[in-house]
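Below is one structure; the comments refer to it alone.
Naming: A, B, ... by sequence-line order, numbering from 1 per chain.
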Amino acid sequence: MDFKDTPEEAIFRTECAQWLATHATPKSAGQHQTFDSLAERISASRAWQATKAANGFGAITWPKALGGRGGSPIQEVIFREEEAKYNVPASVFNVSLGMVIPSLLVHGSDEVRARYVAPALQGKELWCQLLSEPNAGSDLGMIRTQAKRCEDGRDGWIISGQKVWTSFAQFAEFGMVLTRTDPDQAKFAGMTSFFVDMQTPGIEIRPIRQANGQEEFNEVFFNDVYVPDEQRVGDIGNGWRVTMTALMNERLSIGGVLPADLWQKLARNIQSQHRAVNDQSILNRLNEIYIHAHGLWLMQCRGLTALGQGKEPGPELSVAKIIAAKTLSDYCELMMDLEGSKGLLSAAEHGSHWQLIEDLWYGAAGIRIAGGTDEIVKNNVGERVLGLPPEPRLDKGKTFRELVSN
Amino acid sequence: MDFKDTPEEAIFRTECAQWLATHATPKSAGQHQTFDSLAERISASRAWQATKAANGFGAITWPKALGGRGGSPIQEVIFREEEAKYNVPASVFNVSLGMVIPSLLVHGSDEVRARYVAPALQGKELWCQLLSEPNAGSDLGMIRTQAKRCEDGRDGWIISGQKVWTSFAQFAEFGMVLTRTDPDQAKFAGMTSFFVDMQTPGIEIRPIRQANGQEEFNEVFFNDVYVPDEQRVGDIGNGWRVTMTALMNERLSIGGVLPADLWQKLARNIQSQHRAVNDQSILNRLNEIYIHAHGLWLMQCRGLTALGQGKEPGPELSVAKIIAAKTLSDYCELMMDLEGSKGLLSAAEHGSHWQLIEDLWYGAAGIRIAGGTDEIVKNNVGERVLGLPPEPRLDKGKTFRELVSN
Amino acid sequence: MNFEFSEDQLQFRQEIRRFMVNEAPLSKTRAILESSEHLDRTVWQSMQAMGIQNIMSPEQCGGFGLGAYELCISAEEIGRQLAPIPSLGCLYLAQQLLLQCEPSNIRDDALSKIGEGSIGCLVVNIDDHASTDIQLADNMLTGTNELVHNANEADLFICHAKDSQGNQYITLSYRDTSMNTRALSLLDNSCSAGTVTLTQTPALILASGDDCNKILERCLNHAAILLSFEQLGAADSALEMATRYASERSAFGRIIGSYQGIKHKLVDAYTLNQLARVHCYYAAWAMASSPDDVSKAAATAIISSSKAMSFIAKENIQTHGGMGYTWEMDCHLFLKRSRHYAVALGPETHWQQQLSSCLLAHSTC
Amino acid sequence: MNFEFSEDQLQFRQEIRRFMVNEAPLSKTRAILESSEHLDRTVWQSMQAMGIQNIMSPEQCGGFGLGAYELCISAEEIGRQLAPIPSLGCLYLAQQLLLQCEPSNIRDDALSKIGEGSIGCLVVNIDDHASTDIQLADNMLTGTNELVHNANEADLFICHAKDSQGNQYITLSYRDTSMNTRALSLLDNSCSAGTVTLTQTPALILASGDDCNKILERCLNHAAILLSFEQLGAADSALEMATRYASERSAFGRIIGSYQGIKHKLVDAYTLNQLARVHCYYAAWAMASSPDDVSKAAATAIISSSKAMSFIAKENIQTHGGMGYTWEMDCHLFLKRSRHYAVALGPETHWQQQLSSCLLAHSTC
C-alpha cells in the first residue's frame, strides 16, 4: 500500500498543476471564495468552465471526440484535487456534465448530441434535471407530471404538473424532465423523458428559500407546456431507464465531501485554549471527528484504488454521505462550543472565516436529505450490500392510477 | 412537590420496617445474597414467602379475603423498598402472584380459586406461565402448541407442542399454558388456556443454559399430555384474553430495576483513582449514568405519584426498560474500564463484590430482550403514545392455518 | 411521594398554554426573524398584562409572590411557541438575580419595574462568572461586556463589577446616555444579545463582597433551570410537529410514520425528552425547596434538555425530508433555536464539569 | 494511490481463511470455554505447520521475513474464528517485541523457538508500561506481574525489568522451576492470562537503557494494530451471523431483516466496521512503512475496531432475540470476546489520550 501517485498519475498531476498555475490564482490559507449573489457565482462558474473546456480540461473522462480528454476517473479526481488548491468558483455543472448530458449521449439522437453537447461542455448552456415532485421525493416512481400527446395535429406533447428541488433551474437554459405518459402501467413503467428549453411558454420557475436563506433549488411549474416529439429522449415508456442512466453516472463521482483540513483546524483551535486542552471530553470529540474525517478520506482512497484498477469502488462508499453529514455537524458544533457562549453569534460577528462553519452546519442538515435520505441509504445498503429482504411491496402489481386513487 | 411519605405512608413504612426487623437480618453495605444453586434460592424464597404470608405481607394489594392485605400499589412499593434493605432471597413468585393467580382470579372457577390461591400465596406451590414458543417470541399470536378434544370419551384435551423461555418450570408445581384449539380462526382467536400439574405424564422439562451459564429458563415439551376439561381457564377460544389479563397485571408492577446506589459506587470508585478524576471523558460517562439512573428513579416517582392519586402511571414508564438496560451495561463497562486491563478478569479473581457487576453486565443483554425487545417496545410507544400508524398488517383477515402454510 | 405538578399548577399550565398559543404563534417568531428587530414587544406586553413578569416577585413589588413552579411552567410554554421575548435576559437572569438579593428599596424598585413591563438584563461574564471587565469607581461603572442577553432592548442593567481593590459588587443602573448597546447578529436572530459599553454610568449597589459570587452562582443555576424548561417546551413542540407530519406523509405506498426508521427515531426523541422532563421537574423542586440540590439539578436539567432539544430539532427536519429544509416550513426555527439554547448559558462542557464535581462531592452540593 | 491489499495478499487471505475455517471452527472455542483449558494446542500446532508463527520472523530465524500486511491479514482471520490460541501474548506482544530488538543470538533463538511452536509472553505493566515490579540483579529476575497474556501456557518469558539503580532492561527467560504462573479466571475463558511470579529467574538481556521505552511503546502499538485486525474479523463474523439470522427468522408474518428496526441497526454495524476496516488498513500501512504514523494509527485502529466489535456483539444477540441469549447459540462467544478485546491492551480511555496527544502535536507523532 501507499498513498503516492503512480508515475503516470504524477505526470498528469504536474500537467494539471502547471495549467492551473497559469490560469487561476492559488488559494491563501483558509480562503473560501464567496459571491455576492448566486447569479454572480453562476457567471463565474460558466466562465471558468469555458476556460477549462477551451484547454481540454472541461470533461476529463469524456472521449476526445466529444471535446473531453479521454482520461480515467482517477485523472478526474487528480484534476479536482489540484483545482481545489485554486481560487476558482465551485462548479454548477455537475448536473449538466455529470448526469444529464451523459444520459443524452446514451439515449439522445445524433442530431440532439450534435447540437447540445458542445455548448454544455463550454459552459454556455446550463442544464437542470426535473425529477422530484411534492409527492414524489424519496419515491420517484410516484411522479405525477403528465405528458399527453397533442390532439391538435402537432407532433408533440403537452406537459403539465409540478417539479420541485430542481437545482439552478432559474439559471438553466435547458432541462431534462421525467413525465408520466401512461398511468395504467406499473409505477416505474409508463414514464417518458423529454428535454425542454427553460424559456418555453408555460414553464414557471419559483426559487425555494432554504433554511439557511439561500435559493439554489426551485419549484418548476409546467402549465400545459408544448414540447415537440423530437425533444423526447429515449422511447415512450422508457423514462425510468433514461433517469437511471443519469443517476448511475452520479454514483461514480467520488470525493470532495469534507474540507481536507477539517480536524487540523479544530486541533489548532483547541490547542489555543488552556481549558479545552485539559478537557479529555473535548479531546474525545476531536478524536471522533478525526476518526470520521480521516476514515472518509481512507474510504475514498480505497474507492480510487479500485477505480485505478478498472474495478467498481466498494459498496462502503454508499454510507459515506451519512458519516459525512454527522461529521460536519459535530465539527461545527464543537467549533461553536469552543467559543463558549459566543458560539451563538453569526458569521457577521465572528468574521468571514466563520461563514464556512455556518454554511457547513446548515448544510449538514441538508446533506442528510439530498440525494436520498439517511433512511433510504440505509435501506439500500441493507438490501444491496447485506442482502436483507426489502420491505413488503404494497404497490406490487398495481398500476400508477390504482396507487394514486388509494 | 416532595419526595416524602404522606403521614399514612410513613405509618405503613414504619409498620413494615418493624416487622422486617424482627423477621430478617439487615444487609450490610454492598452485600448481595448469593446461593450455591438455583434450587437453594427457590427453597429460600418459598420459606420467606411463607413467612410473609403468615404475617399478612404475602400479597400487599390482594383483598383480605384472599389472604392479602387489601393495600394500595403504593404500599406494595413501600414494602418492597423496605424489604430491599434486608438480606432476603429475591422472590421467585412474581409470575405466580403477579400474573398467573390474578388471571385465575378473573377467569377461573370458584372451585379452582378455592383450591389454588392459598397454597400459591403461602409459597407452597410455585406457578409458571407457558407462553412463548420457538417460532412465537415477539409474536405470541403465532403459538402452535395445540389442544385437541379427547376422542376416547374422556372429558378433556390432549396437548402437544413445545414451549420455551418458561421461568422456573423445573421447580414449579403448576403451569398455565396457552394453546391453539382452532387453527381455522384468525391468529389471536382460536386459542384456549389451561392449567396443568407440571408432574403430569408427557410433560418434559429441559433447562436452557443462558449466555451467563445460569439456567432460570426452560424448554417445556408437551407430548400428548391429557388435561381434563375442568382445568380449562376461561371459555374455549378465550385464551388470548386470559393471557392479556396476566400480562396487564405485570405492567402495573413498578420499580426495582436499578440498584439504588449505582452511581454513588461509581463516583467513589472514580474518586479513588487520580487518573480517572482528571479525565473529563470518564466523568462525562459518570454523568450520563447518573442522568439515566436518577432519571429512571424520577420517572418511577412520577408513576408512583399517579398511582397514589388513583391514576394510571404515565406512558413514559414504557421506555424505562430500554434506558435501564443501557444504563446497566454502561455502568458495568465503566466499572471494568476503571480496572484497566484487569477489567477482563472474572469475579473469581476480583472478589465477590464483582459478581454483581458481572451478573448485571450479562443481565443487561437479557433485559433488552425479555418481556418485549427494545424494538417491540419502541413500536408500542410509537403507536400507542405518539399515535403513529402501525406496520402494514400482512396477517389481516387470514386464519392461523393460512399464516402457517405460507 | 408527590412528584408531579399540583392540580392548580396543571390548570395554570393550561391557561398559560392557551394564552401563549394565542398571543405568540410561531408566525410571530418567523416575523421577527425576517425583520431587523430581535423581539416582539406586543407579546411581552400582553405577557405583562397576564402577569407573567410578576409571578415570583414579592407582593411589595406588585408581584404574586409565587414559587418557582409557576415560572417554570411559564418557561415551558414560552418555549413551546419559541416566543420572541426577552425571557432569558430578563426573567431568568435579571429577575432571578434580583430575587437572590436582600430586599431593599433599590431592589424592590427594579422588580416593580420589571413587573410593569420593563426589560432587565444581566451584565455578567457568562463563561467565567468570577471575572468581570466592568470597573466600579465613585459609584460609576466603566467597561465593556461583549455578550449580554437582551441588552439592546433593556431598560435596566444589573452589572457584576469590581473596584480597583478587586472587591466585587452587583449594581443596578437604568438606561441613560452614558451607556451604549449594540445588537449582535446571532445564528438565531429571533433571540437577542448585545454588547454593552458603560462610560461613567451611575450605579446603585445591590450587593457587595463575597455574597456576589454566591448570588451569581445561584442566579445562573436558576437561569439554567428555567432555560431547561423553555427547551422542554420547544422540544415537545418540535416532536409534535414531526409526529404530525409522519402521520400524514406517504412514501412507497405507506404513511412514513409506519416505517420503523421514522417511528423508532421519534420514540428515541420522546424518550430523551421524557428524561429531560423529569430532570426539569426535579430541578424545579430543588429551586423551590432544596437549595443544596440546585447546582447538581441545574446541570442535569440543562444537559438533558439540551440533548433532547438538539436531537429533536434535527430529526424534525429529517422527518420532513426536503420540505423540512425550506424556509417555508417551521423546522429551521427549532434548529436555530436549539443551537442558541445549547450555548446561551455556556456550552455543555461547562455544565458537565459542574455536574461531575457535584457527583464526586456526593451530597455536599 | 494504492490503498488495498495486493492480489497476492488477497489470495493469501483466502488461503488463511480456508485454513482457519477448517482448523478452528467456533466449536473449538466453545469447547475451550467448557473445559478447564484456556487454549487449543492442536490449533496452534497446525498454525505452526502452516507457518503463521513465522510470517514476520527473519530468514535467519527460520521465518519468511514478510512484512506487517500478512500478519495483519492472519490476525483478521484468527478473529473471524475467535480462535482459542495465544495470538495476543505470543504473536502480537512477545514476537513483535523481539522484532523491535536489535538482532542477536539471544533474540534470534527466541524467534526461532516461537517459529517452531513455542509460546512466548510479554511480562509488562500494560496499564503503565513505564513502570515494572520485576527487579533485575546479577542477571536474575525477581518479582510479580499480576496480569500477563498467555503466561500460563508460555515457554518463553520476555520481561521488562529494572535494576536497583532504576536502569531498565528487556530480558528473555525460558520456563524453569524458578518461575510460577497461575492461570486467571477471565470474563472470556476462551482467552488466557496469568499471574507470573519470578524468584531468581536467570535472564538474558535483549535490550537495556532508554531504548526499552521506545521498544515497548512500538511493540504495544503494533500489538494494538494486530488486535484491531483480530477484532475486525470477529466483528465481521458476528455481523454475518446476525445478517443470516435476520434473513431467515420471521415475526408478524415478515422476515425480521425486512423491518427497518433490524435492517438499519445492521447497516449501522456494517458502517462502524467499514470505518474500522480502513483505519486498520491505514495502521497496517503505518506499521509496514511509516513508523511516524504508528502511534496515531494504532490508537485510531483500536478505538474504531473496539467500538464496532462492542456494538456488533451486542446487536447480534439482540437480533437473535431470546435465542441469542442462550448458551447453545454462539452469540455469547462474541459478546464475551468483545469485552476482552476492549480492555486487553488497556481501556479505551488510554488510547483516546494517545490519539488526542498525537492530533494536538499534529504530524509530529
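Under the 30°/60° scheme for interplanar angles, the aromatic rings of B:Tyr290 and C:His279 are found to be tilted.
Contacts from residues 341-353 of chain C to chain B, taken as heavy-atom pairs separated by less than 4.5 Å, involve C:Gln352, C:Gln353 in sequence order. Within residues 257-266 of chain C, the residues having any heavy atom less than 4.5 Å from a heavy atom of chain B are, in residue-number order, C:Gly257, C:Ser258, C:Gln260, C:Lys263, C:His264, C:Leu266. Within residues 65-72 of chain C, the residues having any heavy atom closer than 4.5 Å to a heavy atom of chain B are C:Tyr69, listed by residue number. Within residues 272-282 of chain B, the residues that have a heavy atom under 4.5 Å from a heavy atom of chain C are B:Val277, B:Gln280, listed by number.
For chain B, the nearby part of C:Glu7 is the side chain; its heavy atoms alone come within less than 4.5 Å. In this structure, the portion of B:Glu288 lying under 4.5 Å from any heavy atom of chain C is its side chain and not its backbone. Heavy atoms of B:Ile322 lying under 4.5 Å from chain C are absent altogether. No part of B:Val377 comes within reach of chain C, as not one of its non-hydrogen atoms sits under 4.5 angstrom from that chain. With a threshold of 4.5 angstrom between heavy atoms, C:Arg244 does not approach chain B through any atom at all. Looking at B:Glu9, only its side chain comes within 4.5 Å of chain C, counting heavy atoms on both sides. Neither the backbone nor the side chain of B:Asp374 comes within less than 4.5 Å of any heavy atom in chain C.
Taking 4.5 Å as the limit, every side-chain heavy atom of C:Leu359 sits out of range of all side-chain heavy atoms of B:Leu266. A 4.5 Å side-chain heavy-atom check between C:Asp268 and B:Lys378 finds at least one atom pair inside the cut-off. For the pair B:Leu298/C:Tyr281, no side-chain contact is recorded, criterion being any heavy-atom separation below 4.5 Å from C-beta on. With a 4.5 Å cut-off on side-chain heavy atoms, B:Phe3 and C:Tyr282 count as touching.
By the 4.0 Å N-to-carboxylate-O rule, C:Glu4 lies too far from B:Lys311 to be salt-bridged with it.
Interface check for chain C: of the options B:Asn284, B:Val319, B:Leu388, B:Asn287, the most heavy-atom pairs under 4.5 Å are formed by B:Asn287.
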List the steps and the verdict of side-chain contact (heavy atoms from CB on, under 4.5 Å) for B:His294 and C:Thr300.
CA-CA 10 Å; B:His294 190 240; C:Thr300 307; 5.6 Å; no

Set out, in order, the CA-CA distance, both residues' side-chain angles and the distance that settles side-chain contact (heavy atoms from CB on, under 4.5 Å) for C:Gln9 and B:Met1, then state yes or no.
CA-CA 11 Å; C:Gln9 286 159 351; B:Met1 295 182 191; 5.6 Å; no

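Rounding to the nearest 0.5 Å gives a distance of 11.5 Å between CG of C:Asn2 and CG of B:Leu304. In this structure, OG on C:Ser356 lies 14.0 Å from CZ on B:Arg285, to the nearest 0.5 angstrom.
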